[in-house]
Amino acid sequence: MKPAISTMQTAALVQSAITPTMVLAVPSIMISIAKQDAWISGVIALVAGMAMALGTAFICKANKGQLFVSWMESSFGKPVGIAIGLLLGIYYFNSFCIIVRSFTNFVSDIVLDQTPLYMLAGIMVAVTAFTVMQGIEALARSAFVVLILILVVVPLSVFVLYTDIDFKRLLPLFDESAARMMIASLPPVALLSEVSVLLLLTPYMKKPAAGLQAGLVGTVLGALQLLLVLLLGLTIFGQQLVPMMSYTFVNIMAIVEVGEFLERIEVFTVSVWFLTMYIKMSVFLFASVHCLVHSLRLRSERHMVFGLSVLAIVTSLTEWPRNMGGGFIFAVVNIPLLFIGNIVLPLLIALGLLITRGKRNKGGSQSS
Amino acid sequence: MPTDKHAGHSGKEGSPGSGQTIQAEQVLLPDLDSNLERLHRFLGGGEDIVCRTLEHRSFNRTRYALLYIDGIVDGVAISTMLLGLLEDANASYTETEGAGEPNLYRHLTERSIAIGKLSDVNTIEQAGYAMLEGCSVLLVDGCLRAIVMDTTGGETRAVEEPSSQTVIRGPKEGFTENLRTNTSLIRRIIKSPDLRFEYKMIGRQTRTNVAVVYLEGIAEREVINEVHRRLDKIDIDGVLESGYIEEFIQDRAFTPFPLLQNTERPDAACGALLEGQVVIMVSGTPFSLIAPVTFAKFFQSSEDYYQRYDIATFLRIIRMTSFFISMLLPSLYIAITTFHQEMLPTSLLISLAAQREGIPFPALLEAFLMEITFEILREAGVRMPRIIGPAISIVGALVLGQAAVQAGIISAAMVIVVSFTAIASFVIPAVNMGIAARLIRFVLMILAGTFGLFGIMSGLMLLLAHLCGLRSFGKPYMMPFSPFVASNMKDVLIRVPWWAMRKRPTNIASDSNKFREGAGQKPRPDQEGA
């Protein structure tokens, strides 16, 4: 039985593929470029994200329910299909390794500075592998539960921070040039391009036609969370302090006190955020396994999950130096990779589909 | 009892490895003595096998014999029947023999035996198995068939209040070990012609009767067929309790979470039937199984539907919170005191530090010691004679706890944490879900002691993924949370008033019979002129 995931679950998966990294490292980069107008860059990124969701959904419409690699093979022939599958599989695996390493660094910096990195990477990958082994349905359902949790926690967080917010810190509006605002919107646009994971998810949807809806909802939810962190960061700390913070949203939560009972609940907030992080890692590991298993014609996904997990631990720990900051990983390593994997490759696929459309239609009419 | 129950059982008799050899069944012979001797031999003799041989005054003084196993038959029914047979044996009839079989057989079945349910068998094995179930067998000389009379009875426990699922408001009847009593308890509540009881026999040696109960048109046909399919696959020597069956038919073998609900309350079973679930009743146990189930069902009590909806909602939230407390509290304590002390206000931190000063163990070990001690006490409380139970609780909870704190082995805060955790675990209405929380608690404690809150969240992510991957008879275990089914949310965390729960649970009950009540029943006395 082919697994079936609902539109909202797909939206939750897309949202999870985007948000955890975006709220972690992007706000300080954006505010350092666009100052108090960074939130406008966030809005620009939201619009660009929606356009990318539209584009991805448009490509997905050409798929008549086949799994990604099979679809590519039937569209462009076996060798090209396999090559695209392998390429995307390697892209998702690389991204997975980068995510593991940046999250490992983050956990080590924020909460567990004494714990060896290999322990942290080990448990992260183990939990992710277990989640992927439960199947795409379980992953999608988990993503939906986590999304509900976020929708409860976020308004609560804004509520407890209300007294610290000063909207005057957003003024003057449009103080930065349009060019700087556009440059500041590049990192979130790169992350919002993760909506391209829809290419792999749509065949699993109960209603593949609702791919556009899922992509849009996921993108908007992700971008809104970024906007919220940007606005909270700017209105609470101002544009001069935020660029000095590695993880803005953690610092925002650090000022919260619940009565006299709990202080510095950023650890707690970060703990809830861990769940979104796990979903993100699971989506990427799933995507990698999915592409590689189907391209290499393997029968067992479990063995591939196990193999890639071990490889991911080793790669993420040995590929980059210990003291490498999250911003560096993001700016130097991730952005080019994101653009290639999520924008260039889907664009080429779209182009290929357009070119071969006539041929397919001819073949289709002949076969019918 | 089912009319076809003497025909065999659902297990694979004589299958490879079963230890039994396939033997041809022994057909009944015309000679009564030979049949009696073979039947005795089949049953292995024994003083409890009663054989009463009679000779009829008419019908060419044909001999016949009544056999039953003492202790498992209804004594009154046997006495009445025997009295009738003796009177009949001394009466004179002038009928002649018919073609094919002695007339006595027809005479007995049609005129003489004062038992409601009769059937006939033609082999020694069928007669023997019928006797083992409490039926009486009447063998007639010269006849190739035997009459089987349902005289099932004997001493059984009376209907009492359920011991594991007590309620303040609601019926006080509970299932017993007798399947017939249990089916009658259901019949008394649901007086519907759509109520179906389908019987099976499982267990090569125990030949345990199992009833699959459902409401035709309300339960999903696919689920009923799946229940039958899974039950038919069971091949085992004996079924002593429904737990045996549960392990064979659940969707996933390796999970701490229960994938079937059990109940000893007829009202709870009937509630499940009305919601489209299937009840599996097993002879010899008061615990019936309910399938399919979802995670949220384990936090519902039958009392929720008898109390006002607002109270029921409040209690459900308390139960759900207690589940998380019983699973997470010790690990949160360990994580915060070991890794995240900055989360605590200074005064509380100093107080905790002062308590822990001199304690020779880290928080993780301290918690483990206390938890394991408590588990031992709990197990001892269950196994001890009831009179000693409270004494053990006092010694364990008060004396041992107090002494441990004074001796500086355990901190007072840890005693509070473990005690509160223990109390919270008793709030969960389903014992099997409480056990799951207990097991998971230990894993989370280790993760908290190793990775702090990050470890706990990693554990919770594992649990979430596992729970979302579970199914009960094909139905997602985490429904209606994920997949989200809005209409079913009316009876999960909150319980809306009865007049607002018009629909049966979607995706559990059959789509062909969605509504359980009429529309527009919200009380509006002011508009009705009351």
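Protein chains get the first letters and strands the later ones, always in sequence-line order, with residue 1 at the start of each. All values reported here derive from a predicted model rather than from experimental measurement.
Residues B/M461 and A/F130 have side chains not in contact (no heavy-atom distance under 4.5 Å, counting atoms from C-beta outward). Residues B/L464 and A/V146 have side chains in contact (heavy-atom distance under 4.5 Å, counting atoms from C-beta outward). No side-chain heavy atom of B/F339 sits less than 4.5 Å from a side-chain heavy atom of A/V111. Side-chain atoms of B/R471 and A/E137, non-hydrogen and from C-beta on, do get closer than 4.5 Å to each other. A/R141 is listed as a side-chain neighbour of B/P483, based on a closest heavy-atom distance under 4.5 Å. A/I123 has its side chain out of reach of B/T450: every pair of non-hydrogen atoms, C-beta onward, lies at least 4.5 Å apart.
Between B/F454 and A/Y278, the ring planes lie parallel to each other; the angle is under 30°, not in the 30° to 60° tilted range.
Under a cut-off of 6.0 angstrom, the local environment of CD in B/Q341 is crowded, with over 12 non-hydrogen atoms contributed by other residues, nucleotides or ligands. For A/R302, the CZ atom sits in a loose shell: 12 or fewer heavy atoms of surrounding residues, nucleotides or ligands are nearer than 6.0 Å. More than 12 heavy atoms of other residues, nucleotides or ligands lie within 6.0 Å of CZ in B/F442, so this atom counts as buried by the packing criterion. More than 12 non-hydrogen atoms from other residues, nucleotides or ligands lie less than 6.0 angstrom from CZ of B/R229.
With a threshold of 4.5 angstrom between heavy atoms, B/I456 does not approach chain A through any atom at all. Looking at A/M8, neither its backbone nor its side chain comes within 4.5 Å of chain B, counting heavy atoms on both sides. Proximity to chain B involves both the backbone and the side chain of A/V127, based on heavy atoms less than 4.5 angstrom apart. Contacts between A/S6 and chain B at a heavy-atom distance below 4.5 Å are absent for every atom of the residue.
Between B/C468 and A/A138 the shortest heavy-atom distance is CB-O, 3.5 Å. Summarising the geometry of B/H466 relative to A/Q134, their closest heavy-atom pair is CA-OE1, 4.0 Å, with the distance given to 0.1 Å. Here the closest non-hydrogen pair linking A/L120 and B/F451 is CD2-CD2, 4.0 Å.
The stretch residues 472-482 of chain B places B/P476, B/F481, B/S482 near chain A, each with some heavy atom under 4.5 Å from a heavy atom of that chain.
A distance of 8.0 Å separates CZ of A/F274 from CG of B/L453, quoted to the nearest 0.5 Å.
With respect to chain A, the highest number of heavy-atom pairs below 4.5 Å among B/A465, B/G459, B/A335 belongs to B/A465.
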